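Encoded as structure tokens, the structure appears first; notes follow it.
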Protein chains: 2
Amino acid sequence: MAESPIRPRAAAIVVAAREILEAEGIEALTMRRLGEAVGIRAPSLYRHFADKAAVEIVLLEAGFDELADSFEAAFERDGESLATLGQAFRDFARTRPHLYRMMTTGRLPRERMRPDVEARAAAPLMRVTGGDEHIARAAWAFAHGMVILELDDRFPPGADLDAAWSAGLAAFAANIGRGGV
Amino acid sequence: MAESPIRPRAAAIVVAAREILEAEGIEALTMRRLGEAVGIRAPSLYRHFADKAAVEIVLLEAGFDELADSFEAAFERDGESLATLGQAFRDFARTRPHLYRMMTTGRLPRERMRPDVEARAAAPLMRVTGGDEHIARAAWAFAHGMVILELDDRFPPGADLDAAWSAGLAAFAANIGRGGV
DNA sequence: GTCTATAGTGGGATAGAC
DNA sequence: GTCTATCCCACTATAGAC
């Protein structure tokens, strides 16, 4: 499904890459390891992908697509609200921590990615913040901060993160449309 | 100043490490590069530090100390408020982006760090949120999210980040003590 | 405390035969 | 499309001479 169905080998490589990423983390995703997982030697991978980055791009694009799917499904299921979005966001990240990290750490290779891919994932937040772009960006930063600090084990051991999420989302929800200060 | 004044060579190594980190980023900080910067061969560094992590620990501790210093100075200068803290936080990160990244990306090697070092940097936020730990954590996540997304160039080109900061800080300030939903 | 030499590991990627 | 062989790179870290 990722990339072209005409090339089953390439698709299998992407599937294997995703499995390695989720199971062992980003450093485990090497061309040698990937070849092994798919049953060929590392150099043969280059018949299917120009370089390692090309494989990573496919993973990234799939990740953003899945994130957008999650948001849209959550809206249908639980109604369109900031709380719904926050829940879906956190669930997404906790279900695929390594993919989430890959999607959000460092620069994004936008030059090599499908141009619409980020926008579709961002659209639900725009809806729910009613066009208040400042609150939208603040809420995005909040959600990303909560998730990445949780994944990286930065909160104190007993911290009630549900409560922190609630407090944050409530604060933003109460301030939509007030335009800053 | 970092570590022991009795060992000037070790101090010089730390200074060089900090310079390399800030100037060229975390991947540039290798033992070879560090030896070169300080005028000795890489293996000789191991007479001064047990391993590479030991050098990094010193940088991390110094970073948290500086962050705490920044907060305390900002409180004295501009008064104790969430807005003051947010400004100081953002300034800190933008002034030392690579150090900030190193301090906040991935797991923290807490076992090898001074135990009080995180707590001192966190204290000002506790003060300003008046003991509402949920709002405190949410505000921390917001600030980190804003900063790291800015450093990693994730916001749209023309985005007004001052406005996003204001909107976020105002939302939190208005909700201190309300205890979530 | 510094050196040279080197071990040991890992990575991405290419050439050319089949 | 896959293979073997290989290049070239980079890294952390140790041994042992000086």
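All chains are named by letter (A, B, ...) in the order of the sequence lines, taking the proteins before the strands, and each is independently numbered beginning at 1. What you are looking at is a predicted structure, and each value in this text was computed from that prediction instead of being measured.
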So that I can tick it off, tell me whether [Y] and [X] are bridged by a salt bridge, with the cut-off set at under 4.0 angstrom between side-chain N and carboxylate O.
| X | Y | value |
| --- | --- | --- |
| Asp162(B) | Arg90(B) | yes |
| Arg32(A) | Glu36(A) | no |
| Asp65(B) | Arg114(B) | yes |
| Arg120(A) | Asp69(A) | yes |

So how far is it from Met146(B) CE to Phe142(A) CZ, rounded to the nearest 0.5 Å?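 One gets 14.0 Å once the value is rounded to the nearest 0.5 Å.
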Rounded off to whole Å, could you give me the CZ-to-P distance for the Phe49(B) and dT14(D) pair?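 Answer to the nearest Å: 15 Å.
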Could you pick out which residue, Asp51(B) or Arg47(B), lies toward the 5' side of DNA chain D when each is mapped onto its nearest nucleotide?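 First, find each residue's nearest nucleotide; the 5'-ward one identifies Asp51(B).
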Please list, in 5' to 3' order, the outermost nucleotides of DNA chain C lying under 4.0 Å from any heavy atom of chain B.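 That gives a stretch of dT2(C) to dA5(C).
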Side chains of Phe49(A) and Ile57(A), heavy atoms from C-beta outward: is any pair under 4.5 Å?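 The answer is no; the side chains never approach within 4.5 Å.
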Arg107(A) versus Asp152(B): any side-chain heavy-atom pair under 4.5 Å?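 Counting from C-beta outward, Arg107(A) and Asp152(B) never come under 4.5 Å.
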For salt bridge (Lys or Arg N to Asp or Glu O under 4.0 Å), just list the numbers for Glu80(B) and Arg127(B), CA-CA rounded to whole Å, side-chain angles, deciding distance to a tenth of an Å, and then say yes or no. CA-CA 8 Å; Glu80(B) 301 192 3; Arg127(B) 280 179 74 89; 2.9 Å; yes
In residues 26-42 of chain A, which residues come under 4.0 Å of DNA chain C by heavy atom?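 Those residues are Thr30(A), Met31(A), Arg32(A).
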